[in-house]
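Read the structure below first, then the notes.
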Number of protein chains: 2
Amino acid sequence: MTDRLLQQLNTIASLTETEEQAFVAITTTRRLRKKEWLMRQGDICRMVTFIYSGSLRLFHTVDGEEKTIQFFFENALYTDYLSFLTGQPTLENVQALEDCALVQFSRTDLEQLYQQHPVFERIGRISAERAFLSLSARNTLLTNQSPEVRYQQLIRARPDLFQRVPQYHIASFLGIKPESLSRIRKRMATR
Amino acid sequence: MTDRLLQQLNTIASLTETEEQAFVAITTTRRLRKKEWLMRQGDICRMVTFIYSGSLRLFHTVDGEEKTIQFFFENALYTDYLSFLTGQPTLENVQALEDCALVQFSRTDLEQLYQQHPVFERIGRISAERAFLSLSARNTLLTNQSPEVRYQQLIRARPDLFQRVPQYHIASFLGIKPESLSRIRKRMATR
DNA sequence: CCGAATGATTGATTTCGGTTAAGAAATCAC
DNA sequence: GTGATTTCTTAACCGAAATCAATCATTCGG
């Protein structure tokens, strides 16, 4: 399982045999059944998680309502940056949508790795930059457009989503109610 | 002018005399009159800009409409991360709301500085992390709440804004029309 | 100081998502 | 396979923001 994560890392910066081994040494694997939790609000996030297979949903709870922030599928990386960096309790809930196989490593081990093999610093920086850019793209999508346009763009960008995620989670991700998404779909079908 | 930027950097990681001098050597200063442009859509962003005094507005143009993304005041840093990192043309427009005094340095010079004085790598990383966290906070504000609540939170978070920025720009920042902001204010005044 | 431009408010109307409630369709568990 | 649960759709009504248009207030340039 860790092989595929290593492949990903190698596309960012190439690793020597030694570096790869040092990295593998800090990883652990873990399985999650559908509906089990990777993270609950109030936890402290100390791990980075690589999704080998399956899918997860990240949401915040605001006024008793779940606001879906992101979906994760195979080959994605997840960590709560805020909690991971500051050590504060997280506001995020992460739940398995499907059974998952995961690869994890801890912040502590990662920092030792940074010191032993500086190439991982580079990987860490580039990952952070990518996280920023992707958050920024999500921002643009969700704040500049009407729900209908957001839905259209989402279909184009991630058609896979609709095969694997219940529609009411997608509605929540788009910032609307399931009934409204249903209406939007109807409206678009008739036009 | 560069003094105050140095002060800011020193709060992130302390710099030696030599490092400070090396940094000062790559900075240039610049003035901008009200309504002049720091950046136009299509430009390539090669600079980081520190606002010594004055204010700027960052907006995107979507379907011919200006969507205000952020305001910058004295002591803020601005760069278009996407364009700065990838060298692609920017989607951002940045215009002076008031006369500005700015300190700038280029990406090229910054990268040389990284190599000569690794402490700047650290500063760069932490700045990127902060940018991520602040974008994330802005996200939460703008996507989870109704316009009225967003307005209330904005007043509490940035009361200064309303002294220095026309109301229709604030409306745009909140994702609504000026007329609607006017009505929200009226509604809140009577209740 | 005055006219012009800019910015803010108000009103009438339309559009669209939220709410509530009901029922249909799909999926799951036994 | 059947009943139960979960998910999706539909409908009626409501409220809030958009739109269109006019007016009022403020600021700016000469």
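The analysis underlying the following values was restricted to heavy atoms, covering all of them including side chains, and did not include hydrogens, waters or symmetry mates. In what follows, chains are A, B, ... by sequence order, proteins preceding strands, each numbered from 1.
The residue among B/Glu179 and B/Tyr168 whose nearest nucleotide of DNA chain C lies closer to the 5′ end is B/Tyr168. In terms of position along DNA chain C, the nucleotide closest to A/Ser146 lies nearer the 5' end than the nucleotide closest to the other residue of the pair A/Ser146 and A/Lys34.
Rounded to whole Å, atom P of C/dC16 lies 19 Å from atom CD1 of B/Ile176. The nearest whole Å value for the distance from the CZ atom in A/Arg185 to the P atom in D/dT7 is 15 Å. Taking atom CZ of residue B/Phe162 and atom C1' of nucleotide C/dG7, one finds them 15 Å apart after rounding to whole Å. The interatomic distance linking A/Leu181 (CG) with D/dT7 (C1') rounds to 12 Å, in whole Å. B/Met188 places its CE atom 14 Å from the P atom of D/dA16, with the value rounded to the nearest Å. Going from atom CD of B/Glu148 over to atom C1' of D/dA17 covers 12 Å, rounded to whole Å. Counting to the nearest Å, the P atom of D/dA17 and the CZ atom of B/Arg187 are 5 Å from each other. A/Gln145 has its CD atom 13 Å from the P atom of C/dG17, to the nearest Å.
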Determine whether A/Arg46 and A/Thr108 satisfy the following criterion, side chain to side chain donor-acceptor pair (under 3.5 Å), listing intermediate values before the conclusion. CA-CA 8 Å; A/Arg46 307 180 200 282; A/Thr108 327; over 6 Å; no
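The residues A/Glu111 and A/Arg107 are annotated as salt-bridged, a charged nitrogen and a carboxylate oxygen being separated by less than 4.0 angstrom. With respect to B/Glu65 and B/Lys177, a salt bridge is recorded, a charged nitrogen being found less than 4.0 Å from a carboxylate O.
Taking only side-chain nitrogens and oxygens, A/Gln167 never comes nearer than 4.0 Å to OP1 or OP2 of D/dT6. Between A/Ser180 and C/dG17 there is no side-chain N or O to OP1 or OP2 distance below 4.0 Å. Not one side-chain nitrogen or oxygen of A/Lys186 sits closer than 4.0 Å to the OP1 or OP2 atom of D/dT9.
At least one side-chain heavy atom of A/Leu77 sits less than 4.5 Å from a side-chain heavy atom of A/Val48.
The side chain of A/Ile184 approaches C/dG17 more closely than any other nucleotide in the set C/dA12, C/dG17, D/dC8.
Partner of B/Glu98 under the salt bridge (charged side-chain N to carboxylate O under 4.0 Å, His left out) criterion, chosen from B/Arg164, B/Arg57, B/Arg31, B/Lys35: B/Arg164.
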